[in-house]
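Inspection log for the structure reproduced underneath, given as structure tokens.
Source: prediction; values computed, not measured. Numbers restart at 1 for each chain; the letters A, B, ... are given by sequence-line order, proteins then strands.
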Number of protein chains: 2
Amino acid sequence: MTTQPHILVVDDHRDIRDALAKYLEKNGMRATTAANAVAMDAALKAGRFDLVVLDVMMPGEDGLSVCRRLRANGTIPVLMLTALSDETDRIVGLELGADDYLAKPFNPRELLARIKAILRRAGPAMPSGGALAGRVLAFDRWLLDTDRRTLTCDDGADVPLTSAEFRLLTAFLERPRFVLSRNQLLDLTSGRAAQVFDRTIDNQISRLRRKIERDPTKPDLIATHWGGGYSLATDVREVKP
Amino acid sequence: MTTQPHILVVDDHRDIRDALAKYLEKNGMRATTAANAVAMDAALKAGRFDLVVLDVMMPGEDGLSVCRRLRANGTIPVLMLTALSDETDRIVGLELGADDYLAKPFNPRELLARIKAILRRAGPAMPSGGALAGRVLAFDRWLLDTDRRTLTCDDGADVPLTSAEFRLLTAFLERPRFVLSRNQLLDLTSGRAAQVFDRTIDNQISRLRRKIERDPTKPDLIATHWGGGYSLATDVREVKP
DNA sequence: CTGTTTTGTATCAAACTGTCGCAAGCCCCG
DNA sequence: CGGGGCTTGCGACAGTTTGATACAAAACAG
């Protein structure tokens, strides 16, 4: 596997959450944690994940409800955890669309094995243009054709984008007005974690700005948030294909 | 799923085997049974299956051994059954490549749910060998007749494809919008692994582009993913035969 | 206003890709 | 059976793209 799989661990117990994340990271994966459904939604919106490990028993929105919601909105694989060894509960979870189910207390090695089994199935099938494949998006005075990866200006000028620029722009267009940290952007564009002094994203922002900003000196479209990251400072609408 | 999934049930107990097959058939699947590893091999050779339900404890070749063999020879999903509830056994099965594991005695409803969960993942990526046989596919402004191996343009022009070009194009058409690495493409088109500096796929992509792209200088249909591979940047629809 | 941290961008080396040309292999046909 | 034409794999080479480093400019803290 060239890039590490990214796992989102959702559990209300901090100790379980952190231990699990640490164990996954020790075994060649990237892990992010969320304490409840709300935090999970934020994380999903902000980053790209390959699988969600979801505790059924949580205060706030129930794990089963969350699972149904995830299934309705996308295809991200879900592995459910529960303190109950109740069979009915297990079946309901699977029928709601979970990909697997594990009863607590569990052996972390088994969890890892199950995660790998699911990823083996789901992994190789990654769509290319993200959720935007085949669409045409309009923002500011630009039109982005996600198939041809070209930007067309109001005045008819065609600006070609490199692969990295396209992925960066796409990350923004999927989350207009949302502030994304360098880490998140690096995750979204190349699926890797940032190194200590990583100016990669700064550079790509700079290059992208040079192509799409009216005046790259005073950026309009991509805003800098000091100490925070960047955001797309305009709305995006989809053009009927 | 348009056609019923076809399940192969491998268990040495006739009563379990038959009851399971009947239950699966009552729930919208096709089921075939085999009493041991030898019978399973015969069945796999004779028909196309979507999943194998495999008992671990069998006279003759052991279920774990069978699982390892299945995994080595292909990608068909495997769900293991066992009388033991031993955790180690379960983990070994998963690490050998089983997609899931269920301890006897089990609730058939849970088995069905797990089968569906696996198929949901494995389903979209159907085995390639001639999945397109006898069909006519339309994409962009082209029509590909997979039987006659001819490519016809909107304007009526007939473009002949070489064997390698046809296999490459087919690989893309079976997985529109999915990024395929050079390794995967080489595997799909000629079944071999890439060498260190292997420009074979680059060349074939170049040749294919010259035939199907409007402007081979600025490819529209086959997109390059820097450091990743290539993808078909358009949808594919099947034309009624 | 001064020192520190963060950001923007130029520059460079390395990695990656597109394409050309050649040679070996294959097929068809005379 | 031999020859010509096509197909295919491969090395070579030039042009892009990319990440890292370096340093100046900008933003912030007191």
| message | Once you apply a heavy-atom cut-off of 4.0 Å, does B/Gln204 come out as touching a base, just sugar-phosphate, or nothing? | response | sugar-phosphate
| note | Per atom distances to the B/Arg199 side chain, the nearest of D/dA20, C/dG18, C/dG8 is C/dG18
| message | So, taking the atom named NE2 in A/His6 and the one named CG in A/Leu119, what distance separates them when rounded to the nearest 0.5 Å? | response | 12.0 Å
| said: Looking at A/Asn203 and C/dA10, is any side-chain donor or acceptor paired with a base atom of the opposite kind under 3.5 Å? | reply: yes
| query | Side-chain contact, heavy-atom cut-off 4.5 Å: A/Ile76 with A/Phe49? | reply | yes
| said: As a test of reading the structure: which of C/dT19, D/dA20, D/dG9 is closest to the side chain of A/Asp198, going by heavy atoms? | reply: D/dA20
| message | Can you see whether A/Arg182 engages A/Tyr230 through a side-chain donor-acceptor pair at a distance of less than 3.5 angstrom? | response | yes
| field | Between P of C/dT7 and CG of A/Leu185, the distance in whole Å | value | 12 Å
| said: Please report the distance, rounded to the nearest Å, between CG in A/Leu208 and C1' in C/dT7. | reply: 16 Å
| query | Which is true for B/Arg167 with a 4.0 Å heavy-atom rule: it touches a base, it touches only sugar-phosphate, or it touches nothing? | reply | nothing
| message | Suppose we call a contact any N or O donor and acceptor under 3.5 Å apart; does that hold for the side chain of A/Arg207 and the base of D/dG19? | response | yes
| Length of the CZ-P vector between A/Arg149 and D/dT17, whole Å | 13 Å
| request: Give B/Tyr230 one of three labels, base, sugar-phosphate or nothing, depending on what nucleic acid heavy atoms sit under 4.0 Å from its own. | output: sugar-phosphate
| message | Please tell me if B/Ser206 has a side-chain N or O lying less than 4.0 Å from either OP1 or OP2 of C/dT17. | response | no
| Hey, are the side chains of B/Ile222 and B/Ile212 touching, using non-hydrogen atoms and a 4.5 Å cut-off? | yes
| Just how far, in rounded Å, is C1' of D/dC10 from CZ of B/Arg182? | 15 Å
| said: Between B/Val66 and B/Leu54, is there a side-chain heavy-atom distance shorter than 4.5 Å? | reply: yes
| How many Å lie between CG on B/Leu161 and C1' on D/dT7, as a whole number? | 13 Å
| request: Would you indicate, yes or no, if D/dT8 has its OP1 or OP2 atom less than 4.0 angstrom from a side-chain nitrogen or oxygen of B/Thr162? | output: yes
| What is the distance, rounded to the nearest whole Å, between atom CG of A/Asp202 and atom C1' of D/dG19? | 12 Å
| remark: Judged by nearest nucleotide, the residue sitting upstream toward the 5' end of DNA chain C, B/Ile205 or A/Thr217, is A/Thr217
| query | Hey, is the side chain of A/Ser163 poking within less than 4.0 Å of OP1 or OP2 on D/dT17, counting only N and O atoms? | reply | no
| CG of A/Leu168 versus C1' of D/dT18: gap in Å, rounded? | 13 Å
| request: For the side chain of A/Trp226, starting at C-beta, report the closest nucleotide among D/dA20, D/dT8, C/dT5. | output: C/dT5
| task | Rounded off to whole Å, could you give me the CG-to-P distance for the B/Asn183 and C/dC16 pair? | result | 13 Å
